[in-house]
Amino acid sequence: MTSSADVVDDLHRRGLIAQSTDEGELRAALAAGPVTYYCGFDPTARSLHVGHLIQFMVLRALQRAGHQPIVLVGGATGLIGDPRPSAERTLNSPELVAEWVERIRSRVAPFLDLPAAEQGLSAPIYVNNLEWTAPLSAIDFLRELGKNFRVNRMLAKEAVSARLNSDAGISYTEFSYQILQANDFKELHERHGCTLQTGGSDQWGNITAGTDLVRRTHGVSVHALGTPLITRADGTKIGKTEGATVWLDPELTSPYAFFQYWLGIDDVDARAWLPLFSERPADEVAALVQASVDRPQGREAQRALAEDLTRLVHGEAELHQAEAAGRALFGRDDLTALGESTLTASLGEAGAVELSDDDLVDGALPTVAALLQRTGLATSLSDARRTVKEGGAYLNNERVTDAEAAPDPAGQLAGGWLVLRRGKRNIAGVRLPR
RNA sequence: GGCGGGUUGCCCGAGUGGCCAAUGGGAACGGACUGUAAAUCCGUCGGCUUAGCCUACGAAGGUUCGAAUCCUUCACCCGCCA
């Protein structure tokens with residue numbers, strides 16, 4: 001457990017702080033005793049994704065230094081929409097947002113509900129800003145809150161000004177967002193004595209709107225910490241990109257896929273991200289980064305990231321299964337040597353489809369193209385045929401040349417499994433009917 | 001309320017009557033090279049019963065042998081004026 005005095009140093013060392021309000025004051029406050037702090041997550045999708053992980057790293061570090069975390073899920077702000085620089089958000093229905101709030105909240109527990117060994121630290125408080133935002137009347141909003149905001153300053157916020165200068169413009173709805181988020185800080189200050197907000201630096205404008213509001217309404221100086229925006233070496237955002245979002249919810253991204261994501265990241269990113277995401281001691285992290293420089297092919301940094309994060313998000317048991325599955329399936333040349341239990345477990349992690357007798361046509365199996373589609377390795381039959389034509393489809397590690405051919409049942413592995421692969425690392429199992 | 005501009009495939013963005021399933025770039029996917037890396041090169045990139053057919057260029061109608069391209073109405077966005 002880190003002592004209160006070092007926690008800011010520790011966060012700096014790990015690269016988790018991009019900006020902060022008066023740091024001297026903040027250090028003094030953290031040293032003086034337990035501080036109540038919060039971080040908010042808006043329900044803009046069914047699940048949080050790896051881009052959100054950094055917030056949990058900060059929340060955890062502060063919690064282990066003895067401070068009191070509050071996790072806010074934005075049931076209200078999720079209905080309004082935080083302005084993005086690019087374009088207006090489409091509004092989601094209240095029912096959908098409420099469903100997402102529940103889903104997200106239920107997935108947050110593993111990050112902060114500490115195991116028995118670490119008890120004595122503060123359990124997180126969970127709140128939903130709908131609780132105080134829904135009852136707010138238009139009159140109160142305008143008289144009590146609005147009076148504290150200068151439009152001039154609101155216009156200067158980065159996301160707002162970007163939108164004012166673009167074709168898209170900005171709706172009054174989204175323009176109001178920062179007032180709601182600022183009010184969250186004020187409410188949490190009043191309800192729980194919260195004096196620190198953490199969040200991504202893309203939220204900095206909203207966060208400081210909150211510290212300003214608390215100062216104006218209570219004459220109290222409260223604090224904020226902003227995490228850096230994590231980008232990949234190629235400049236794209238971590239996690240939420242088109243088509244390839246890595247979610248934290250195991251129903252959306254399996255622990256196996258999650259583990260593989262981290263194992264597959266490039267060297268530059270692995271070295272940069274390990275300090276951010278690993279809670280290993282500083283010297284051990286430094287050694288792993290050095291190892292990546294000396295022996296990049298060993299992929300030790302990637303492996304450490306994959307292990308630490310899979311354990312954190314999905315737990316020890318899932319980590320072991322994901323690891324074992326990867327080992328078995330990437331062994332490449334000796335699939336026939338794998339036993340039924342290994343195959344069943346590995347393919348279950350990677351993604352598997354069970355065929356029934358109804359899937360057989362005159363006793364013959366579906367075509368390779370059909371199986372690629374069934375397993376999700378290809379999005380359509382056309383995509384599957386294309387993949388075969390490109391030489392990217394493999395059955396039991398043998399390249400497939402005819403998309404319309406049905407696999408020979410004699411080629412089945414232990415337990416009636418066929419291993420389908422697309423490209424180097426997309427693997428799925430097909431189990432033949434008994 | 002008036003006038004003008006816009007809405008194209010995952011994204012950006014060409015295309016002003018047939019040669020358009022639609023130039024180009026990016027993303028993505030596959031192959032080669034590697035280390036389940038990056039860079040590079042090559043290929044693919046709406047769907048299907050795949051030498052053919054179907055669906056698509058905001059929506060619905062219309063003109064035409066033929067429309068992403070012309071006309072009408074509607075929806076939404078942007079700008080200027082009131």
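In what follows, chains are A, B, ... by sequence order, proteins preceding strands, each numbered from 1.
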Decide yes or no for A:Pro69 and A:Tyr37: does some side-chain heavy atom of the first lie under 4.5 Å from some side-chain heavy atom of the second?
-> yes

Kindly list each side-chain donor-acceptor pair under 3.5 angstrom involving residues 343-356 of chain A, sequence neighbours excluded, with atom names and distances?
| residue | atom | partner | partner atom | Å |
| --- | --- | --- | --- | --- |
| A:Thr344 | OG1 | A:Glu340 | O | 2.8 |
| A:Thr344 | OG1 | A:Trp417 | NE1 | 3.0 |
| A:Ser346 | OG | A:Thr342 | O | 2.5 |
| A:Ser356 | OG | A:Asp358 | N | 3.3 |

May I ask you to say what A:Phe259 touches in the nucleic acid, namely base, sugar-phosphate or nothing, with a heavy-atom cut-off under 4.0 Å?
-> nothing

With sugar-phosphate meaning primed atoms plus P, OP1 and OP2, does A:Arg399 contact a base, only sugar-phosphate, or nothing at under 4.0 Å between heavy atoms?
-> sugar-phosphate

List in chain and number order the residues that pass side chain to side chain donor-acceptor pair (under 3.5 Å) with A:Arg295, two or more places apart in sequence or in another chain; answer none if no residue qualifies.
-> A:Glu300

Are the aromatic rings of A:Phe258 and A:Trp247 close, with centres under 6.0 Å apart?
-> no

Pairwise C1' distance for B:G25 and B:C45, with rounding to whole Å = 14 Å

Pair A:Gln302, A:Asp267: side-chain N/O donor-acceptor within cut-off below 3.5 Å | yes

Could you state the interatomic distance from OG1 (A:Thr77) to CG (A:Leu72), rounded to the nearest 0.5 Å?
-> 6.5 Å

Specify the residue among A:Gly391 and A:Ile265 whose closest nucleotide of RNA chain B lies further upstream toward the 5′ end.
-> A:Gly391

Give the rounded distance in Å between these two atoms: CG of A:Asp383 and C1' of B:G47.
-> 11 Å

Provide the distance between the two C1' atoms, one in B:C57 and one in B:A21, to the nearest whole Å.
-> 10 Å

Side-chain N or O of A:Tyr394 less than 4.0 angstrom from OP1 or OP2 on B:G31?
-> yes

Can you tell me the distance, in whole Å, between the CG atom of A:Asn426 and the P atom of B:G31?
-> 9 Å

Starting from C1' on B:G35, measure out to CZ on A:Arg303 and report it in whole angstrom.
-> 12 Å

Verify the contact: side-chain N or O of A:Arg385 to OP1 or OP2 of B:U49, cut-off strictly under 4.0 Å; return yes or no.
-> yes

Can we call the ring centroids of A:Tyr126 and A:Tyr38 under 6.0 Å apart?
-> no

Identify, residue by residue, the members of residues 292-302 of chain A with a heavy atom below 4.0 Å from RNA chain B, and return them in order of residue number, or none.
-> A:Pro296, A:Gln297, A:Arg299, A:Gln302

Just jot down the side chain to side chain donor-acceptor pair (under 3.5 Å) partners of A:Asn183, sequence neighbours excluded, or say none.
-> none

Do A:His12 and A:Glu23 have a side chain donor and acceptor closer than 3.5 Å?
-> yes

Integer angstrom distance from the C1' of B:U55 to that of B:U49 | 16 Å

Interatomic distance at P, B:A28 relative to B:G79, whole Å = 33 Å

Donor + acceptor pair across side chains of A:Trp262, A:Asp308 (<3.5 Å) | no

When the distance from NZ of A:Lys424 to P of B:C29 is rounded to whole Å, what number comes out?
-> 12 Å

List the steps, then state whether ring-ring contact (aromatic ring centres under 6.0 Å, His included) holds for A:Phe56 with A:Phe41.
-> CA-CA 11 Å; A:Phe56 290 104; A:Phe41 301 90; 4.9 Å; yes

Using a cut-off of strictly less than 4.0 Å between a heavy atom of the residue and any atom of RNA chain B, enumerate the qualifying residues of residues 366-378 of chain A by number.
-> none

Roughly how many Å is it from CG in A:Asp266 to P in B:G35, rounded to a whole number?
-> 16 Å

Check whether any side-chain nitrogen or oxygen of A:Arg425 sits under 4.0 Å from OP1 or OP2 of B:G35, and answer yes or no.
-> no

Counting only Watson-Crick and G-U wobble pairs with both atom distances below 3.5 Å, the stems of 3 or more consecutive pairs that include RNA chain B are B:1-7 with B:75-81, B:10-12 with B:24-26, B:28-32 with B:40-44, B:46-48 with B:52-54, B:58-62 with B:70-74

When rounded to whole Å, the CD to P distance for the pair A:Glu404 and B:A51 reads 11 Å

Does B:U44 have OP1 or OP2 sitting under 4.0 Å from an N or O in the side chain of A:Thr387?
-> no

For A:Gln181 and A:Asp82, test the side chains for any donor-to-acceptor distance below 3.5 angstrom and give the result as yes or no.
-> no

Counting just side-chain N and O atoms, does A:Arg386 come under 4.0 Å of either OP1 or OP2 of B:A28?
-> no

Could you give the NZ-to-P distance, from A:Lys389 to B:A51, as a whole number of Å?
-> 11 Å

When you check the side-chain N and O atoms of A:Gln55 and A:Thr227, is any donor under 3.5 Å from an acceptor?
-> yes

Classify the side chain of A:Asp267 and the base of B:G35 as holding, or not holding, a donor-acceptor pair under 3.5 Å.
-> yes

